[in-house]
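Just so it is clear, the values below take in all heavy atoms, side chains as well, and ignore hydrogens, waters and symmetry mates.
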Amino acid sequence: MNLLAKIYVTLKGSVLDPQGAAVTHALHALSYDAVRDVRIGKYMEVTLSATDETQAHELVRGMCERLLTNPVIETYTYELAEVEQ
Amino acid sequence: MNLLAKIYVTLKGSVLDPQGAAVTHALHALSYDAVRDVRIGKYMEVTLSATDETQAHELVRGMCERLLTNPVIETYTYELAEVEQ
Amino acid sequence: MPSGEAQIGNDRQSEREAATEAAMEEPTAEQVKERGLYRSFGLTDEEYERIVSLLGRQPGYVETGIFSVMWSEHCSYKSSRKVLRRFPTAGPLVLQGPGENAGIVDIGDGLAVAFKIESHNHPTAIEPYQGAATGVGGIIRDVFTMGARPVALLNSLRFGSLDQARNRYLFAQSIAGIGGYGNCIGIPTVGGEVVFDERYDHNPLVNAMCVGLIEHGQIATGTASGVGNPVLVVGAKTGRDGIHGATFASAEDPHAKERSAVQVGDPFMEKLLLEACLELIATGKVVGIQDMGAAGLTSSSAEMASRAGSGLTLDVSRVPCREAAMTPYEIMLSESQERMLVVMTKGEEHVAQEVFQKWGLEASVIGTVTDDGLLRIREGNRVAAEIPVTALVDEAPVLDRPATRPRYLDELLAEPKLTEPEDYGQDLLRLLARPTIASKEWVYRQYDSMVRTETFVRPGSDAAVIGVPGTGKALALTTDGNGRHVYLDPYAGGARAVAEAARNLVCSGARPLAVTDCLNYGNPEKPEVFYQFEQSAAGMSAACEALRTPVISGNVSFYNESHGVDIYPTPVVGMVGLIEDLALITTSEWKGARHDVYVLGALSDSAGSRSRLGGSEYLAMRDPANALRHAPAPLDLDAEAALQRLCAEAIRKRLIVSAHDVSDGGLLTAFAECAAAGDLGADLNLAGDGHALMSLCFGEGASQIVAEVEPSNAAALEDLAAQMAVSAVHCGMTNSDGALRVSAAGRAIVNIGVAALRESWQGAIASWMQ
Amino acid sequence: MKCAVVQFPGSNCDMDAVKAINHAIGESADIVWHTVASLEAYDLIILPGGFAYGDYLRAGAIARFSAVMEAVAREADRGKWVMGICNGFQVLTEGGLLPGALRRNESLQFRSEIATLEVVNAETAFTRHYRAGETIRIPIAHGEGNYYADEQTLLRMRERGQIIFRYAREHNPNGSVDDIAGVINERGNVLGMMPHPERAVHERLGSADGARLFTSIFESWREAYAKR
Ligand SMILES: Nc1ncnc2c1ncn2[C@@H]1O[C@H](COP(=O)(O)OP(=O)(O)O)[C@@H](O)[C@H]1O
Ligand SMILES: [Mg+2]
């Protein structure tokens, strides 16, 4: 089966996010005063094939932990969905 | 009301994603042969307040178009959800 | 809990449209004519008719596309060609003049220096990070395609004023993009210039220069010779990037922008490509090599065939593509970055494939060299285009654009009548804080200027200096240009850009070798703009003759206009000089206390101060409304040449310990820069009062250099100056008490702590960018 | 002393490291391609600066899976000296040979300048020619040099003298915790630092303060060699 994994990588809560802070500032400068806070992370779309969903979950978790994130500073979540073709 | 906007920014389909290409390669080198393609974008969590949902949508779209993305090479989608506090 | 989801419609939609368009049947030659499709490619009716008569038939769709890019301003130089021919391009040291990807000058020891400058203005206006980054990527390819190893980058930039958020965005992103590319690929960015003026509000200028070193025997050229030799595409895959970027560089048609998706640079890919290409060229099996820049495969193949007088047959179905279902039209016109076209010796294609494989890159044979003089494009067995190379290159239109002297030039007034400042020091502080004058540290600290460990003078002095490994010699590098001066006096302004660049090199201890130029102008279809172009080029030619610095490469960028407003005519001069002995390297900051300070070059003549407030940044600050109404100082090329000879000789004799050319901001600014950078004060005296004093202090345009001399050498310097008939005015001495004090005819006009000077000058841009 | 300078695709300070070794201690150094599986022959292994694999994803993230990194880990285990400069430091933290992680500079800008450092620990094989507390000038050039380690790790590192260089107070260019510019592993044979000592080996480059890293390690090697 073919799948699309949408992976969201964010900095751990305890790690400062200067990029988010800068964007918050910039939004305030544009008068978006309603904005309280911005955190910025990475969004990855991985298309892959797998024999079944269990295997797919295993694959995605594996690649997140080995390569796609650095556990010292980042955490991740993901969604997995079947796609055509 | 208080809301959390989750914004996903991706490069437009035809725009080169060197980072995605490098990560695809690296995953193959790690024997994740099942991976067909990787595209890398940004994930942003914006917490904001708004009088109602319509206004919130307007705000989020506005900031996406004015600051958070460059429409020449990027597109975005987002989800909006009410949060407590 | 309510939740919403929004999909942004229009982008997705236009992508779908593009995809369907691609899948659609390609229009026939008949339809190209009937529907006037060629017009949407930027070809005029007249040009279309000319194509028909050159081919003896109606061009097909792909052929029309190929003609349109080859005959575009960007590729054919149709407006500028006649003017450029007048540049002096020959010299005893020139190994390669204009016409190749970069020019080359001999520096002895069997070594040569290759360099070129190029604009990326239009892409930067749309996507500043990628636009500026890919500009750097393109100019690097131009240099290593000659077989040279790139060793330094420079950039000359113009932005609108920083009080506009949009300009701050363009500025910040362009700097990040320039740094992003150069830092990653590992070539130090060592110099450049930045000017801010509202005239560039909608048309920022990004000109990037690359300098490379090469052994004489290693020079490669962009020629496709030798019937039967294989043609390869190497490097990145081809995608639908920037199709028609070259043609539509100027179009205001919104569809044009849609079509020409901005290219994204991949400096990592280019680093691999650079190493692989140099390794390949070193094998001696390369016949010709050329980078694919604007108009991609089309212009690289046509130009390579043209230089060799050969033909090429290419099969686009063998070009590795990044995207599915790309048409021949798209493949031929794609501007995907980080690709090169290579012709190998027959039977040696495996050498290319082995080298490229080592670097993890593709090298694909896509065709062969022929002797029929045709550029023949196949898609498998189908012939998609067949055009005589001469029709594309030699027969490209050459225009005689009309030139008319603009009225404003005849309405310029003599010197403005400004009230004399109470305190020159306060005006100096304000002037130093103008972003155009202020230290550009905020910019260059984002550039790795030190990688390669040959950077002996980092950004911040008059010119950067990099060592030539293994020789005990060094190169001095600079870019200079002043659009406002050129606007106010096109001829003298053009000459001054060359003079200033040379002066910066001389102040650094170098002998100027040659020029690369980037000519940025508005719409050449306006006779007034064309006049500015023609006149400033003539002025540059005259200065190049006078200073013996031939033009060896360059680039033209027209149509820098928006809403009917053209930018200042902005020729930028990139120059390289040779320092024969590392001991001669000289920088601009003051070196020690109780040294004599001289100004070399006349301060005044019979008409009063040699500098003029006309055209100056000081006038723009004091009276912006009239900044363009007063003529700048004339330039005396003989005096300039004499001044440079004196400075060079004084450095050679080790008579001076620092030298700084007087340019934007005038004499007091030059003093302040020497002081702030050297962390030393001075006690100086000038002559005059009233207007003459103001223009002496803040005027621009005179040929002057501030020189610092140890007292024991003062007499020798004065003798040398007298002997060479150049004025050397003793202005006072540096001090160790941390204050810059200037008096005029006994009146104290400046008394400021060096720390305060530094704060205004160094902090100005950062404070705008917070 | 046999020196190796590892070359990843995208390394760009490899030649600079070779030149610095030549200049500072008169030794030659081999450039070793990232696919090499053994580094047994070498006494000192340098992971140079640059942008291995374009620094895509995270600096050092892809490079640390190179074949050569297994060899680096093996030799480090055997007590060979390993020195990661800038990008090399990032590869070492990503690969777990050094604690912590390097984040984007707090300013979000690339920063290139000559930094002022304080030598915190002068009792390592790499720093014996410095004095503790001494101030030195060494260039930096990075966009992701903002060192991070959690409190517990920091505490442990401080106790064991693993913090080797700090940026001068008030002159931290990237926001790193505790102003950290360079760290060492517990065993004391793997050093990582963001500043570029190979760019500071003679005055013409603006500073010669980096040369002593190379002379220190050279003397450490001579001693070890003499013992053997
Ligand atoms: N965009 C830039 N990139 C790198 N260095 C720059 C840039 N702009 C200015 N500089 C450096 O700042 C110093 C001063 O620049 P500038 O005022 O233009 O000098 P000058 O008037 O002597 O030509 C020079 O060393 C120059 O190379
Ligand atoms: Mg100067």
Side-chain angles (χ1 to χ4, degrees), chain A residues 1-11 13 17 19-52 55-69 74-79 83 85, chain B residues 1-11 13 17 19-52 55-69 74-79 83 85:
Chain A
M1 64 200 283
N2 295 306
L3 299 117
L4 171 66
K6 296 182 173 182
I7 304 172
Y8 314 102
V9 180
T10 47
L11 285 171
D17 176 17
Q19 208 182 347
V23 170
T24 311
H25 257 118
L27 286 171
H28 288 168
L30 288 175
S31 305
Y32 287 102
D33 303 315
V35 169
R36 191 107 39 82
D37 186 41
V38 182
R39 302 276 296 173
I40 298 194
K42 286 179 207 151
Y43 170 58
M44 308 183 195
E45 292 182 344
V46 178
T47 46
L48 73 163
S49 55
T51 49
D52 56 37
Q55 195 216 6
H57 279 288
E58 223 165 80
L59 280 170
V60 173
R61 266 187 229 130
M63 62 183 86
C64 281
E65 266 147 51
R66 289 178 66 195
L67 177 70
L68 301 180
T69 71
E74 294 169 329
T75 65
Y76 69 98
T77 58
Y78 68 93
E79 290 158 24
V83 288
Q85 206 223 74
Chain B
M1 64 198 283
N2 294 307
L3 300 116
L4 171 65
K6 295 182 173 182
I7 304 172
Y8 315 102
V9 181
T10 50
L11 286 170
D17 176 14
Q19 185 161 221
V23 171
T24 310
H25 262 119
L27 286 171
H28 289 166
L30 288 175
S31 304
Y32 288 102
D33 302 315
V35 169
R36 190 104 44 80
D37 187 41
V38 180
R39 303 276 295 174
I40 300 191
K42 282 180 218 147
Y43 170 58
M44 310 185 192
E45 294 182 344
V46 178
T47 46
L48 73 165
S49 56
T51 50
D52 56 37
Q55 197 218 3
H57 279 290
E58 223 165 80
L59 279 171
V60 173
R61 268 188 223 134
M63 61 183 85
C64 282
E65 266 146 53
R66 289 179 64 194
L67 181 75
L68 302 180
T69 73
E74 294 169 329
T75 72
Y76 67 96
T77 58
Y78 68 91
E79 288 158 25
V83 289
Q85 198 228 80

> So, for A:Arg39 and A:Leu11, which heavy atoms are closest and what is the spacing to 0.1 Å?
Replying inline: NH2-O, 3.4 Å
>> Which heavy atom of A:Glu79 sits nearest to which heavy atom of A:Tyr8, and what is that distance?
In response: OE2-OH, 3.2 Å
>> Taking every non-hydrogen pair under 4.5 Å, which of B:Asp33, B:Ile40, B:Leu4 racks up the most with chain A?
In response: B:Ile40
>> So if I take each residue of residues 21-31 of chain B and look for any heavy atom under 4.5 Å from a heavy atom in chain A, which residues do I end up with?
In response: B:Val23, B:Ala26, B:Leu27, B:Leu30
> So do the side chains of A:Arg61 and A:Tyr78 get within less than 4.5 Å of each other, counting heavy atoms only?
Replying inline: yes
>> Using the side chain to side chain donor-acceptor pair (under 3.5 Å) criterion, which residues pair with A:Tyr76? Sequence neighbours excluded.
In response: A:Glu65
> Can you name the side chain to side chain donor-acceptor pair (under 3.5 Å) partners of A:Thr77, sequence neighbours left out?
Replying inline: none
> Which side chain to side chain donor-acceptor pair (under 3.5 Å) pairs, counting each pair once, include a residue from residues 40-52 of chain A, with sequence neighbours left out?
Replying inline: A:Tyr43-A:Glu45, A:Thr51-A:Gln55
> What distance do B:Thr10 atom OG1 and A:Met44 atom CE have between them, rounded to the nearest 0.5 Å?
Replying inline: 14.0 Å
> With a 4.5 angstrom heavy-atom cut-off, which part of A:Leu3 approaches chain B: side chain, backbone, both or neither?
Replying inline: neither
> Among A:Val9, A:Ile7, A:Leu67, which residue forms the greatest number of heavy-atom pairs with chain B at distances under 4.5 Å?
Replying inline: A:Leu67
